[in-house]
Protein chains: 2
Amino acid sequence: MPAKKPTAEDQTNESSLGGAIDAIMAAVEQEEGAMTDKKRRIVEAAIHCFAENGYAATATNTIARRAGVAEGTIFRHFETKKDLLIRLVRPLFSPSLLPLVAKELRTETERADGDLRTLMCTILANRLAFADRFAPLVRILIQEMRFHAELREAVAENFPVGLQIAADTVLKPYIASGQIRAVEPALFLRSVISLLVGYYVIRTEVLPAQEWDDEAEIGRIVDLMLDGLRPR
Amino acid sequence: MPAKKPTAEDQTNESSLGGAIDAIMAAVEQEEGAMTDKKRRIVEAAIHCFAENGYAATATNTIARRAGVAEGTIFRHFETKKDLLIRLVRPLFSPSLLPLVAKELRTETERADGDLRTLMCTILANRLAFADRFAPLVRILIQEMRFHAELREAVAENFPVGLQIAADTVLKPYIASGQIRAVEPALFLRSVISLLVGYYVIRTEVLPAQEWDDEAEIGRIVDLMLDGLRPR
DNA sequence: TAGATATGTAAGTGATTGCTTACATATGAA
DNA sequence: TTCATATGTAAGCAATCACTTACATATCTA
């Protein structure tokens, strides 16, 4: 965090969103270019408020107060409230992030060296870590996607590409070598994603109090995917 | 940049909620008792607006206009806007609905007569039908749960019971008879629910244009759950 | 240095918010 | 009939909304 000015210290530093904010701010900065201290604090406050109370229920003056900034300053940096929302979420689709995910996938594939179980566990663990890293942004995106066509388009533009890469890199070789059944890639992807998202939601939203052993849980999920319910 | 104050017109998404509204109104009426014509139209309009644009982004006067009613009439029947929201969603937890689901489960179990695949397909198909039937309410509930403790409590109060029944009725006998592995009930439930929800979301939200054969898709999901990815 | 531009703010703007009030009419019990 | 209650509405309330304006100061360039 940058040096603090003694002037408007009051509202800024209270309960945060977890350590996630630093990684997020780095990603935002990469998209927005260099940011003044106040702009950075606006972004931070907006992410917090949108994630916490939703976009529609968050007033711009609430953001301003939380950022320790005059309300007008927000509109100096962002055309509208909606523009603020969109530019916050945009880093999730940044060229510096998405190809990185695809690249990670290839690294993981090589490293697993043909062991499908290891590969799937690694992939799921990494995606879980990604979700945690950008949790507030992901939360905002999922929450607001239904109401803002711009967000939906951004997802539609970027997501399928990643999925195709994933299916080609991960699934095909194993089907070709007969290690797994010739299941439809779409079904496979949908299932893995559903299981991971389901686990994530339960871990973070439904039963956050409970202690979770990610590695063990992912292992169980992968085993279930590989072997199914029936005994062998 | 021209002035662009977003008036509520922003996006009044048109179109319908499907035929679901009749079943929903019946459920609401059961909770609310006899309703005047205007009250019924308010409920209907509110469900439509909340589901389409979200609770926070829906103005009470928008609901009134859609219902063809004076705004004051809303507050004659509902104390506050939030009271309206809660009483709309409440029927989902009605004693006339939840036990019905549990009872359905037993019927399905008996009828499947030990054939696990048939049983799971039937259960998933019925839950999918339920979701379709109450789609707008379910949508509102899921969307607003994070922001309204009252809704969360209602879910926490009713959901676990249903899950326990499900696990006991469905899973235990099959584990006992060795037809499926001794998988944790929590993992099993979470997985089945995740897969079904994942399919539902993709079918209704992500790719609603595509043609979906529910029966076939459910069959594939169940096969995956039972046999896994590996060839036998 | 000058002056252009970027950044920041206090104090508004009209529109819209959820909700109330005052009053009318309809309904049902005595 | 009488009166009490239920239902409905138009008008209006203060608060809040997203956003602008007018003006100050900081920073950069020439």
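Every chain is numbered from 1 and lettered A, B, ... according to where its sequence line falls, protein lines coming before strand lines. What's counted below: heavy atoms across the whole structure, side chains too, no hydrogens, waters or symmetry copies.
In terms of phosphate contacts, A:His77 brings a side-chain nitrogen or oxygen within less than 4.0 Å of OP1 or OP2 of C:dG8. For D:dT16, neither phosphate oxygen OP1 nor OP2 lies less than 4.0 angstrom from any side-chain nitrogen or oxygen of A:Asn61. Considering only side-chain N and O atoms, A:Lys82 lies nowhere under 4.0 angstrom from the phosphate OP1 or OP2 of D:dA18. A:Lys39 has no side-chain polar atom (N or O) that falls below the 4.0 Å cut-off from OP1 or OP2 of C:dG8.
Toward the 5' end of DNA chain D, the nearer of the two residues B:Ala70 and A:Thr62, judged by each one's closest nucleotide, is B:Ala70. Comparing B:Glu71 and B:Gly68 along DNA chain D, the residue whose closest nucleotide (by nearest heavy atom) sits nearer the 5' end is B:Gly68.
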Response to the item:
Quick tally for nucleotides 22-28 of chain D: nucleotides whose base has a protein heavy atom under 4.0 Å get B, sugar-phosphate-only ones S, the rest -, giving B------
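The interatomic distance linking B:Arg65 (CZ) with C:dT17 (C1') rounds to 13 Å, in whole Å. Counting to the nearest Å, the P atom of D:dT7 and the CZ atom of B:Phe75 are 17 Å from each other. As rounded to whole Å, 12 Å separates atom P of C:dC19 from atom CG of B:Leu85. Rounded to an integer number of Å, the gap from CD1 of B:Ile74 to P of D:dA11 is 17 Å. What separates CG of A:Asp83 from P of D:dA18 is a distance of 14 Å, to the nearest Å. Rounded to an integer number of Å, the gap from CG of B:Leu84 to C1' of C:dG18 is 12 Å. If you measure from atom CD1 of B:Ile42 to atom P of D:dG8, you get 8 Å, rounded to the nearest angstrom. Rounded to an integer number of Å, the gap from NZ of B:Lys81 to P of D:dC17 is 12 Å.
Within 6.0 Å of CD on B:Glu215 lie no more than 12 heavy atoms contributed by other residues, nucleotides or ligands. B:Arg133 CZ: 12 or fewer foreign heavy atoms inside a 6.0 Å radius.
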Item to complete: Please lay out, stage by stage, how A:Glu32 and A:Arg87 fare under the test salt bridge (Lys or Arg N to Asp or Glu O under 4.0 Å).
Response: CA-CA 8 Å; A:Glu32 293 284 324; A:Arg87 281 161 66 184; 2.8 Å; yes
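Residue B:Thr58 is in sugar-phosphate contact alone, with no base atom involved, counting any heavy-atom pair closer than 4.0 Å across all strands shown. Residue contacts shown for A:Thr36 are limited to sugar-phosphate atoms, with no base heavy atom under 4.0 Å away. At the heavy-atom level, B:Thr73 lies under 4.0 Å from base atoms of the strands shown.
One finds no salt bridge joining B:Lys39 and B:Glu29 here, because no Lys/Arg side-chain nitrogen approaches an Asp/Glu carboxylate oxygen to under 4.0 Å. The pair B:Arg65-B:Glu71 does not count as a salt bridge, with every side-chain nitrogen at least 4.0 angstrom from each carboxylate oxygen.
Between the side chains of B:Gln210 and B:Arg203, not a single donor N or O lies within less than 3.5 Å of an accepting N or O.
The shortest non-hydrogen separation linking B:Asn53 to B:Ala57 is O-CB, 3.3 Å.
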